[in-house]
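What follows is a single structure, written as C-alpha cells, with notes after it.
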Amino acid sequence: MPDAPDILRLENLQVHFPGRGGVLDHILGRPSAAVRAVDGVDLAVRRGEIVAIVGESGSGKSTLGRVITKLIQPTGGRLLFDGDDVTSMKGFSALRPYRHRVQMIFQDAYQALNPRHTVFDIVAEPLRSLRLVTDHTQLTQRVRQSHAAAGLNPPEEFFARFPHELSGGQRQRVVIAGALAVAPDLIVADEPVSMLDVSIRAQILQVLMDLRQQRNMALLFITHDLPVAWLIADRIAVMYLGRVVETGTADDITFRPRHPYTVALRNATPHVRGHSDREKLPALKGEIPSAARIPNGCRFHPRCPLAFARCREDAPPTIEVGPEHTTACWLMK
Amino acid sequence: MTKLTAESRRHLRTQAIKSFLRRFLGHNGAWLGLLALAFFLVLAAMPGALVGPLQTAITATGDFLIPPSTQHLLGTDEIGRDVLNLIVHGARTSLTIALVSTVISLIVGITVGMTSGYYGGRIDAWLMRTTDFFFVIPSFVLALVITPVVLEVIGRGGDILGFRPSLFVIILVIGSTSWAFVARIVRSQTLSLRERQFVERARVVGTNDLNIMVHHLLPLLVPQVAANGALVVANAIYTETALSFLGLGDPLQPSWGTLLSLAERAGAASSGAWWYFGAPGLCVLIVSLGFVLVGNALDDTFNPRRRAIP
Amino acid sequence: MKNPCQQAKAPILAVEGLAVDYRLRGSSLPTIRDVSFEIQAGEAVALVGESGSGKTTTAMAIAGLLPPNAAVSGGEVRYRGDRLPIDDDAAMRPHRWSEISVVFQGAMNALNPVHRIIKQIAEPCQLQLGMSRDEAIARARELLELVGISAERGRAYPHELSGGMRQRVMIAMALACSPSIVIGDEPTTALDVITQAQILKLLTALRSQLNLALILITHDLSVVAECCDRVMIMYAGRLVEDGSVADIFANPKHPYTKLLIESIPNPEHGKRMVRPIPGDPPTLQHRPSGCAFRSRCPSAMPVCATEVPNLKRWEQGRVACYLHPPMKHEEKALANA
C-alpha cells in the first residue's frame, strides 16, 4: 500500500470562520478574531488506505471531515481528489461525481437518519439522488448488497423498518450501508463508534476493517481515541488546534511518538493493562485553547512541558523523523 | 421490494395511524370539535338535499320577520326568506371560503417559510421582511385595494371557478393576510430541523435542496402545520364574517357574515328578531370553536415532549 | 472526624437485594434486580455496564434520586449499619450530600448559568450545614482550592469555564458537606482524554486525602483500571461479576467480562484485532429469560435459559455464571435436563 497513488491530498488546507464577537464588540466596532478551525493542514490518503485523525474536541478534526465531504468550503489551500483540484467545486450538479466517490459516516447515527424514512429509503437515497440506478429491481439489488456488506442480515428484514426500531449498532450499520451503496473510493468516518456501547464498537470497527479488505476503499477515520485509531488505521495523523502535529504509522504514533502532545495524549489514554513508560513526561496543564485565540509560535507551547524560547516565537516546520514519520516540533531539529 | 416487506410496511403505517387516532381522540375537545365540524360539513356538502337549491334560499317563501315556527324552523328575514335555508347555504359559502383561503395560505406560508429557514442569509432577510409586511397589513384595507382590481379583471357579473367576484376578493384577502402566520411558524421549525444531522447526510449523499425540503423537512413539519392550519381556518371564518359584515359579501351567494350584515341593516337586534342574527352568529362561533378545539388537540397530540419519536 | 481504623471491617455502605422497577405506560418493568454489595470506607469501586444495564439506576437508587417513574421495589441500603430511607425524598435529604453525594455527568446542565460558581458551591454549605453566608463563602473558597481552581476564579460564571473546570466545580459541590461516599456518574465521559486523566487524578488524590469511598459509574473499563480498587460488572440489571481490578483484568470469570475486555482495542496487547461480542445488549422490555447474557454468550448451556444464575463467592470475588464453580458431570446433566 505505501506505493499506492494518493486518492486524497490536502495542501495547506484552511477553514477560517468569521469571528463572532460579543454585543459590546459589535457596538464598539471592534473586529473579532476569525476562528481558525483548520489552519494549514497537509495530509495525503492513499487508495485503499485507512488514515486516522486523532485529536481532542476543538482540534479541528471534525471540521476537516466536513471540508473533505464538501459540507463546508475551504477558505484556503488546496483539496485534491484523485489528482483533480476540487477545492472550489460547488453546487449540487458539479458535486455529483464527487459525492459518488466520497461518502461519510456520522458520529450519532440516530441523528443522521431521518426518523420518517424507512431503512430501505435511507440506503437507497444516494442511489436515487445521484441517479446511479433508475430501475427498481436493480435498486433493490444494490440496497440488498449494501445491507449485507454492512452486516444487516437478512437484508429484507430491515427494509421496512424505521430508525427508532433499531438498536444503536444497527443504526450505525444503516448509515454505513447508505455510504456503501454508491461504492465510494473514500469514506470519511467522523467518530463512528464513540456513541456506541463498548460491546458494539468492536462490531462496527470489524465491519469497517472487513470493507477495506473486500473493496480496497480508503477510509479517513476521525476519532479522539488513540487505541481505536491504532486498531483500525494504517497511519495516524495527530491534530492540535487546527494543525497536524505528527503523522506516522499506527505503531509509530502509538509506541514511538515524537511530538510532546502525542506523548501526552498517549499517556492520558487509560489502558486496560498497565503502562510501561507512562511517567516519562509530566502531565499537561490546562486545556486546549479556543481556535479564535491561537498562540504565537508553536501553538502547543503554552501547555508543552518541554517548551523553550524558540517555541514561543516561530512555528516549527514539519520534520521527517523516520520513514513515513513526520512531526512539527523544534525538539526534532 | 418483496411483498412481505410491503405488507409489513403497510401494517406499520396502519399501526402508527391507529396510535395517533387513539391519542388524538383521547382529548374530549377533539371529540367535541370533530362533531361540530362534521355536522356543518354535512350541511355544507349537501344543502340541496337538505333544504333545496340555492334559488329557494334567496327567494321569499313566507311573511317577513316571523319568529321560529314549525313551518320556518328558524323564522324568516325582513324580506320573508327562510333563515334555516339561508344558514345551510351560508355554511357552504362560509366553509368554502375559509378552507380555500386556508389552503392558499398554507401553500404560500410553507413555501416561503421553508425557503427562508432553509437557505437563511439574505434570502431569509428579504422573505421575512415581506412576511412582516403581510403580517401587519389590515385585511379590510387590503380588501379595499384588491376589490377594484378583481372587478376590473373578471367583471361584476362574471365568476372565477364558481366564485362570484366579491367572494373571490374575500378569499384573496384572507389568503394573503394569513400566510404570514404560517410562514413564521414553518420558518422557525425549519431553522431547527436543518441543523439536524440527517439533513447533512442528505447533502453528502447528493440529495438536492428541493428534495431535502420536500422529502426530509416537509414530513416533519406536517404536525405543526396541521395543528396551526386548524387555527388558520378558525381565523379565516372570523375574517370572512367580518369582511362580509362590512359589506364585501355577495347577496346572491350569502355567507354567514352576509346574513349578519343583512340582519344588522334590517335592525334585527333592535326589533327583537333574535333568530335572524342569533342563528348565523352561533354558527360562526361553533365552527371556529370546533376548529380551535381540533387544532389544540392536534397540537397536544404532536407535542414533542409527549411523544418519543417525531 | 472520621477514624479510618474504626471502620476497617464494618462496611460503610451495604446494599442488599436492591430492586428497582420502572413504570412505562401502566406496566411495571423490572430494571435492576437483586443487587447486593458492600463498600468499605475509603474504597474505590467501579460499577461498569453498557447503556440499559442499570448502573446509573443503581447509583441513583442509593442516593435516593430516582426519577418519578421509578421506584424501589425491594432490598435495602445501609449506611454505617443504619437503614437509609432511599424511597423517601424528604427523609433522605439530611443524608444526601453530607453522607452520600453525587457528581453528575453533564456539568453544564447541573450548574445554574446565572449564578457565580462560588455562590453555587456555598449554597449547600448554608442549607445543609447551617453556615452563615461568610462562613459558607470561606468554605467554598477552600473547596475550590481543593479541586485545583484558584479561589479568585470563583467569581466566574459556568459558561466562562472549560468542560474540565466545570467538572471540578461539580466535584467541589459534591464535597461541600464532607461526605464519606461520593458517587461519580460517568464524571469524565463528556471530557477529552487529557482532561479526563486530570479529573481521574484529582479524584484519586481527593480520595486518599479525605478517606472518601468512591463509586464510579462508567461504561469504560479502561477508565476503571486507572483509579479503582474493585470492579463490579452489571448486565441487564444484575451484577454478573465482582472482583479486584487486578483480578478482573488478569483473569475475568464471567464470559461477558471476558468478551468486554477483549473487545477493547489494546495496543499493549500487540495484536491488531478485536473480537466483537455478537448481538446487542437487551432492552428493558425484551430481556431474555434465565441468564440475560445467554443470547450473546459463546458458552451458553441449556440451564442458562431456565434459571437466573446467582452471584456466588468464587475465588477472590463473586460471579454469577453456571461455569463458576465448574459443575460436575452429573450435576450438569441434572441441571440441563
Can we say D132(B) and R184(B) salt-bridge, meaning some charged N sits less than 4.0 Å from an Asp/Glu carboxylate O?
yes
Would R66(A) and D190(A) pass as an ion pair if we require N to O under 4.0 Å?
no
Under the salt bridge (Lys or Arg N to Asp or Glu O under 4.0 Å) test, residues paired with D85(A) that sit two or more places apart
R78(A)
Using heavy-atom distances under 4.5 Å, tell me whether [X] contacts chain B through its side chain, its backbone, both, or neither.
X       : result
I122(A) : both
H100(A) : neither
L71(A)  : both

Most contacts with chain B, counted as non-hydrogen pairs under 4.5 angstrom, among M104(A), K70(A), E125(A)
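Ranked by heavy-atom pairs under 4.5 Å with chain B, first place is E125(A).
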Using non-hydrogen atoms only, which part of N211(B) is less than 4.5 Å away from chain A: side chain, backbone, both, or neither?
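No part of it gets close to chain A.
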Tell me whether the rings of F159(A) and F120(A) are parallel (<30°), tilted (30 to 60°) or perpendicular (>60°).
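Perpendicular, since the angle between the ring planes exceeds 60°.
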Can you say whether the rings of F81(A) and Y98(A) are parallel (under 30°), tilted (30 to 60°) or perpendicular (over 60°)?
perpendicular
